[in-house]
Amino acid sequence: MAVNLKSMQLVVDLATRRRDHAGTQLAAALQALEHAKAQLTQLVDYTEEGQNKWQARSAQGVSGVLVQHQRAFSQKLQEAIDFQHQVIRQKQATVASAQGNLQQAERELATLKKVVERALQTQEATARKREQKQVDEMAMSMLAHQRRLAEQE
């Protein structure tokens, strides 16, 4: 089976671009995951800081309405933290998918490069055989010519 190396190089170039794009997508997914984790850290830190302030203030005595507002606010913060955990899980799934896509693209590219390498080796072997055949034919022709000259002497 003859392989058109020019066409194969185009396919390899396309696979290289796909691999590079998959790498870019993975980098973006990792960056989004880190951003989501940073947001979670901010929420947790803010919640802890608020709890500490609330404990110090409540030691001085507070009204029931203020306690209700604090509980409602704390509940909203906990909901935001829970939501951010959900976002992080989604981002982790996106990262895993992007890693899989990158690995697949790398495998495809490696396979295509092997095909091109084997095609080059086959072409080189064919060229060597053709050249050797020409050398052998020339040697046989020269030998036959030398024998005829020797017979004429």
Charged N to carboxylate O below 4.0 Å: is that the case for Lys113 and Glu117?
-> no

Shortest non-hydrogen contact from Val95 to Leu26?
-> O-CD1, 3.8 Å

Quick one: do Val87 and Leu43 end up in the same hydrophobic cluster if we chain Ile, Leu, Val, Met, Phe, Trp and Tyr together by side-chain heavy atoms under 4.5 Å apart?
-> no

Establish, from distance only, whether the side-chain atoms of Gln86 and Asp82 form a donor-acceptor pair under 3.5 Å.
-> no

Exactly one candidate in Lys114, Arg19, Arg18, Gln104 meets side chain to side chain contact (heavy atoms under 4.5 Å, CB included) with Leu109; the answer is Arg19

Validation row: Arg107, Gln103 side chains within 4.5 angstrom (heavy atoms) = yes

Would Ser74 and Gln78 count as a side-chain hydrogen bond (donor to acceptor under 3.5 Å, both in side chains) if you check the C-alpha gap in whole Å, the side-chain angles of each, and the deciding distance to 0.1 Å?
-> CA-CA 6 Å; Ser74 293; Gln78 188 56 51; over 6 Å; no

Val116-Leu10 co-clustered via ILVMFWY side chain contacts under 4.5 Å | no

Residues His21, Gln25; criterion side-chain hydrogen bond (donor to acceptor under 3.5 Å, both in side chains); working and verdict | CA-CA 6 Å; His21 180 69; Gln25 286 180 322; 3.2 Å; yes

Path from Leu102 to Val12 over hydrophobic side-chain contacts below 4.5 Å | no

Same apolar cluster: Leu5 and Leu112, side chain cutoff 4.5 Å | yes

Strictly by modelled atom types, are Gln9 and Asp13 linked by a side-chain donor-acceptor pair under 3.5 Å?
-> yes

Is the backbone N or O of Arg118 less than 3.5 Å from a side-chain atom of Thr122, with the two atoms forming a donor-acceptor pair by type?
-> yes

Any donor and acceptor pair, going by atom type alone, linking the side chain of Gln70 with main-chain N or O of Trp54 inside 3.5 Å?
-> no

